[in-house]
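Okay, structure first, notes after.
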Amino acid sequence: MIASQSKKKFSDKILEWHRHHGRYDLPWQKNKDPYLVWISEIMLQQTQVGTVIPFYIKFIDRFRTIVDLAEASEDEVMAYWSGLGFYSRARNLHKTAKIIAVQFSCKFPDSYENLIQLPGIGKSTAGAILSFCYKKKFAILDGNVKRVLSRFFGIQESINLTKTEKHLWDISEQLLPDNDIDIYTQAIMDFGATLCTPKKPQCDSCPINQTCIAKKNNLTGTIPLKNKTKTQADRSTEFYIYECNKQILLVKNRTGVWNGLWLPPQQNSLSKKYIIHKQGERQCVFSHYRLKYKYFLIKITNKKDLMVDGLWFDWKEISDLGLPAPIKSLMINLSN
DNA sequence: CATACGTGGTT
DNA sequence: TAACCAAGTAT
């Protein structure tokens, strides 16, 4: 339990800091339309602000309302998400738009119970939407808040543990101010993102440095503690880029990473003799493993030589398709 | 509870 | 170069 006076001090100081040092000109801060806030929150999950901005601008320009999104094809939604990563976010975004269109008559839900059941909206995203759009007193617990709170309270247990996570949620909820909840939610994220940073936090100009346990004990370099996940074995695959009549064959991937995106076939199904025009080897690094792949550019004269369940696309269509970032980059290279 | 799920930037 | 990090959620 945190004493009510300490609570007020904490939120007051974060709010006061935000007045002078907060971020005010991000593209999703122009209004409190829950649809737009939702899009930004999903895009920002595990993704840096600078990466999100151009994707957000293009996305909301194409899908201006929940109806635009609900009526779009999954393929087009994936194309707009192409390069942003964590593609289940895009698939869930599309699912949720349809659910809101049908079950909520296009009106964005404003209760925790309704929000939390929507695909892709978890506790923190629900809290962000409720506080930003409806000024309801709900907490968030993103990476920024975890770092700020674990340092301020000197929490030296790993933040990966369920117990610690629960503790942090508890603190985050207790610290909420009675007023200006929407500003406070933005303020504590800005605070974590720009002052209480992972590396080299600016403790000298921190408004709560007098009572920060990590600062007091010189532990800002070690808090928050994280369990490191064990490194996984590399994986390998091959991509066969078949060209015929200035078109290339792609198949819709339905498993694992890149689920929902287009990929070149990963096995060679040509029975006749063929010529490899270009080939090479690359790798891409994921959160949990490294993928090494060989690629082969093979030109054929008859599409019927390939019995593959895919579609043929013009080279110039590649940049507008839902392809993984490294594969799109490879293909654009090969088209030159 | 641990793991799957991307990508690009920084150290 | 490898490791770490970024507005988490689903299973």
Side-chain angles (χ1 to χ4, degrees), chain A residues 22-23 26-29 36-56 78 81-93 95-96 115-129 131-132 139-148 158-166 168-169 172 184-194 196-201 221-222 224-232 234-235 253-261 263 282-291 322-329:
Chain A
R23 297 174 292 185
L26 299 173
W28 43 87
Q29 293 178 322
L36 297 176
V37 169
W38 168 58
I39 301 293
S40 70
E41 287 302 323
I42 302 298
M43 285 192 171
L44 286 159
Q45 287 170 4
Q46 300 289 287
T47 311
Q48 288 172 331
V49 166
T51 304
V52 166
I53 289 174
F55 284 88
Y56 175 80
M78 297 310 289
W81 208 271
S82 171
L84 195 52
F86 282 138
Y87 296 95
S88 67
R89 295 183 295 174
R91 300 192 303 272
N92 283 334
L93 201 73
K95 274 188 207 164
T96 287
L115 285 172
I116 199 70
Q117 69 168 26
L118 296 168
I121 297 184
K123 207 177 169 186
S124 197
T125 299
I129 293 170
S131 62
F132 281 146
I140 59 165
L141 190 65
D142 64 1
N144 290 313
V145 178
K146 282 181 184 169
R147 186 170 57 255
V148 171
S158 167
I159 61 168
N160 304 64
L161 301 173
T162 305
K163 186 184 159 197
T164 315
E165 174 112 338
K166 211 167 178 180
L168 287 167
W169 267 112
S172 182
Y184 173 79
T185 299
Q186 186 63 54
I188 192 161
M189 283 195 288
D190 287 356
F191 182 79
T194 65
C196 195
T197 46
K199 304 273 171 72
K200 298 182 182 175
T222 53
L225 270 74
K226 282 178 193 170
N227 288 338
K228 36 191 156 188
T229 55
K230 41 191 168 186
T231 54
Q232 296 203 21
D234 293 352
R235 302 181 196 182
N253 179 48
R254 279 303 175 191
T255 55
V257 288
W258 300 338
N259 187 346
L261 300 180
L263 291 176
R282 292 189 178 190
Q283 63 174 36
C284 47
V285 180
F286 298 123
S287 330
H288 45 312
Y289 64 90
R290 182 170 56 183
L291 179 68
L323 287 163
I327 303 302
K328 185 174 281 193
S329 158

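Naming convention: chains lettered A, B, ... in sequence-line order (proteins, then strands); numbering from 1 in each chain.
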Partners meeting ring-ring contact (aromatic ring centres under 6.0 Å, His included) with A:Phe132 (sequence neighbours left out): none

Atom pairs under 3.5 Å, N or O on each side, protein against nucleotides 9-11 of chain C: can you list them with distances?
{"from": "C:dT9", "atom 1": "OP1", "to": "A:Gly122", "atom 2": "N", "distance (Å)": "2.9"}
{"from": "C:dT9", "atom 1": "OP1", "to": "A:Gly122", "atom 2": "O", "distance (Å)": "3.3"}
{"from": "C:dT9", "atom 1": "OP1", "to": "A:Thr125", "atom 2": "N", "distance (Å)": "3.0"}
{"from": "C:dT9", "atom 1": "OP1", "to": "A:Thr125", "atom 2": "OG1", "distance (Å)": "2.9"}
{"from": "C:dA10", "atom 1": "OP1", "to": "A:Gly120", "atom 2": "N", "distance (Å)": "2.5"}

Atom pairs, protein N/O to nucleotides 9-11 of chain B N/O, distance under 3.5 Å:
none

Touch class at under 4.0 angstrom, heavy-atom based, for A:Gly256 against every strand present: sugar-phosphate

A:Arg235: salt bridge (Lys or Arg N to Asp or Glu O under 4.0 Å) partners, not counting sequence neighbours: none

Sugar-phosphate only, base, or nothing, as touched by A:Arg290 at under 4.0 Å among non-hydrogen atoms: nothing

Results of ring-ring contact (aromatic ring centres under 6.0 Å, His included) for A:Trp169 - residues two or more places apart only: none

side-chain hydrogen bond (donor to acceptor under 3.5 Å, both in side chains) partners for A:Gln48, two or more places apart: none

Contacts of A:Asp190 that satisfy side-chain contact (heavy atoms from CB on, under 4.5 Å) - sequence neighbours left out: A:Trp17, A:His18, A:Arg23, A:Gln186

Residue whose nearest DNA chain B nucleotide is more 5′ - A:Lys163 or A:Pro326: A:Lys163

With sequence neighbours excluded, residues passing side-chain hydrogen bond (donor to acceptor under 3.5 Å, both in side chains) with A:Arg282: none

Residues forming a ring-ring contact (aromatic ring centres under 6.0 Å, His included) with A:Tyr56, sequence neighbours excluded: A:Trp28

